[in-house]
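Structure first, then comments.
Whatever order the structure lists them in is the order used to number ligands and atoms, beginning at 1.
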Amino acid sequence: MSDRLHLTHLPSLTTERDGQDVIRGLTQQPKSLPSYYFYDAAGSRLFEQICELPEYYPTRTELGILETAAGAIAQLTGACELVELGSGSDRKIRLLLSAYAHVQPRLYYRPIDVSGSILKTSAMALLADYPQLSIHGLVGTYQVGLEHLPPPLAPRRLLCFLGSTIGNLSPRECQTLFQQIHRVLRDGDYFLLGVDLIKDTSILLPAYNDAQGVTAAFNRNILHHLNWRFQGNFQPEAFAHRAIYNPIAQQIEMYLDSQHTQTVTLAALDFQCTFAAAEPILTEISRKFDLVALKAALTAAGFRWINAFTDPQQWFALCLCQV
Ligand code: AVJ
């Protein structure tokens with residue numbers, strides 16, 4: 001099986017996770033933290049738990065769309081190498097691999113993820129279930145991975161960015177990523193983008209304020225992770241989880257509110273900062289999209305819009321476009 005698994009570790013060309021971005025965020029006013037620090041081992045497990053919550057509709061809605069649309073997508077594009085930004089749980093890519101198994105004899109999957117161990121674990125499970133599959137994983141950030149795509153192993157590529165992870169990026173960062181994706185793909189290649197759509201706050205807010213408090217634990221875990229990574233002394237329980245919908249920016253905003261005045265040290269970064277009572281840290285934005293504006297953004301980056309596949313309630317969309 002190992003001859004069907006190839007992992008390339010890419011050089012880290014950015015300052016990500018070296019802590020400078022943490023210092024930058026915590027010295028700004030208002031304070032913020034980069035969202036990708038959520039995802040240490042514990043944070044990834046908590047996110048998996050979030051995906052199972054009754055209030056968190058995005059994962060199961062996107063899976064439902066894929067169940068009905070994967071066959072049509074494979075028919076539309078024909079044989080493709082599947083590239084995926086952020087591999088995470090493999091349930092979505094399985095639906096696509098099963099659909100592409102009907103249009104090509106051999107399957108090629110190229111996940112790009114910062115976690116080599118997550119990549120390897122999910123790759124082994126996929127290889128066991130798809131005997132015609134080869135996996136060429138890239139261990140690195142999305143940006144670096146995209147710049148290091150080797151020549152495709154199938155006539156075309158389908159680059160998948162699922163789960164509305166794009167929603168963590170500001171409009172400007174989002175446009176830059178669309179342009180990069182358009183530039184590194186070839187004429188005729190495809191881009192499949194999963195996005196959470198604008199909807200009533202009675203649906204949106206509970207998804208980020210679940211009754212069991214899993215999202216609150218996920219939010220506080222970012223402080224546990226910083227303690228571990230940078231010898232910090234955050235007291236995560238001294239910060240309260242808060243998620244609101246900002247209708248102007250059309251995004252969920254997650255905060256950790258300091259419950260009293262406190263000073264925190266990150267020894268490994270030689271950094272200290274003070275929080276006032278009730279002072280918030282912005283830990284995540286999760287943008288919600290409207291398809292007209294999204295189509296304009298993708299078209300502006302050079303893509304040809306093909307179709308949006310949605311669920312009956314129009315809660316989530318899978319957008320297919322072509323270079
Ligand atoms: C993985 C970024 C899509 O924004 O809904 C879930 C992360 N944060 N609950 C999202 C998340 C709080 C999730 N994304």
Side-chain angles (χ1 to χ4, degrees), residues 16 32-66 84-93 111-115 118 122 141-142 160-171 173-174 177 192-225 236 239-246 249-257 280-290 294 311 315-319:
E16 273 187 7
S32 65
L33 283 170
S35 302
Y36 67 86
Y37 282 100
F38 282 130
Y39 301 98
D40 62 352
S44 299
R45 274 196 303 275
L46 284 165
F47 179 64
E48 296 286 298
Q49 257 179 274
I50 288 174
C51 292
E52 305 287 324
L53 291 170
E55 298 96 334
Y56 195 75
Y57 62 85
T59 309
R60 81 178 66 87
T61 309
E62 187 177 36
L63 277 166
I65 298 168
L66 272 173
E84 187 176 24
L85 297 183
S87 58
S89 144
D90 63 13
R91 284 172 67 199
K92 296 167 194 172
I93 207 69
I112 302 175
D113 201 290
V114 280
S115 165
I118 289 180
S122 85
T141 63
Y142 300 157
C160 307
F161 194 23
L162 305 177
S164 206
T165 304
I166 189 80
N168 278 174
L169 303 187
S170 70
E173 292 168 330
C174 178
L177 185 64
L192 184 67
L193 178 67
V195 290
D196 198 11
L197 300 176
I198 295 171
K199 62 184 66 60
D200 201 273
T201 51
S202 65
I203 309 295
L204 279 175
L205 286 172
Y208 295 85
N209 290 288
D210 65 278
Q212 292 172 59
V214 183
T215 307
F218 173 76
N219 199 1
R220 286 196 192 96
N221 180 68
I222 202 170
L223 303 182
H224 286 290
H225 183 199
F239 290 82
H241 165 71
R242 178 166 57 93
I244 57 128
Y245 183 66
N246 175 340
Q250 302 178 324
Q251 62 194 17
I252 291 282
E253 295 170 0
M254 285 208 324
Y255 295 94
L256 287 168
D257 293 336
I281 315 173
L282 174 66
T283 53
E284 180 175 54
I285 63 164
S286 183
R287 291 170 61 213
K288 306 303 160 190
F289 296 85
D290 104 68
L294 185 64
D311 54 296
W315 280 0
F316 201 95
L318 280 178
C319 306

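Within the 4.0 Å heavy-atom criterion, the part of Tyr39 lying near ligand 1 is the side chain and not the backbone. Neither the backbone nor the side chain of Phe38 has any atom closer than 4.0 Å to an atom of ligand 1 (non-hydrogen atoms only).
In terms of polar-atom proximity, defined here as any N/O pair under 3.5 Å, Ser286 does make such a contact with ligand 1. Close N/O approach between Ser164 and ligand 1 is not found [any backbone or side-chain N/O within under 3.5 Å]. Looking at Tyr56 next to ligand 1, an N or O pair under 3.5 Å apart turns up. Close N/O approach between Thr215 and ligand 1 is not found [any backbone or side-chain N/O within under 3.5 Å].
Numbered from 1 in the order shown, with element, the atoms of ligand 1 that lie under 4.0 Å from a heavy atom of Phe47 read 1 (C), 6 (C), 7 (C), 13 (C). Near Gly163, meaning under 4.0 Å from any of its heavy atoms, are these atoms of ligand 1: 3 (C). Atoms of ligand 1 lying under 4.0 Å from at least one heavy atom of Asn168, given by number and element, are 2 (C), 4 (O).
Side-chain N or O atoms of His241 include none that pairs as donor or acceptor with a backbone N or O of Met254 at under 3.5 Å.
Between Phe218 and Phe38, the ring-plane angle classifies as parallel under the 30° and 60° cut-offs.
The side chain to side chain contact (heavy atoms under 4.5 Å, CB included) search around Asp311 returns Thr61, Ile65, Gln313, Trp315, Phe316, not counting sequence neighbours.
The shortest separation from a heavy atom of Tyr57 to ligand 1 is not under 4.0 Å, leaving the residue out of contact. Between Pro58 and ligand 1 there is no heavy-atom distance shorter than 4.0 Å.
When the heavy-atom distances from atom 11 (C) of ligand 1 to His241, Lys288, Glu284 are ranked, the shortest goes to Glu284.
Smallest separation of non-hydrogen atoms from Ile252 and Tyr245: N-CD1, 3.9 Å.
A distance of 9.0 Å separates OH of Tyr142 from CG of Leu177, quoted to the nearest 0.5 Å. Atom SG of Cys174 is separated from atom CD1 of Ile166 by 4.0 Å, given to the nearest 0.5 angstrom.
Each of Ile281, Asp40, Leu33 was compared with Ile222 under the side-chain contact (heavy atoms from CB on, under 4.5 Å) criterion, and only Leu33 meets it.
Here salt bridge (charged side-chain N to carboxylate O under 4.0 Å, His left out) pairs that include residues 53-64, with residues two or more places apart or in two chains, are Glu62-Lys92.
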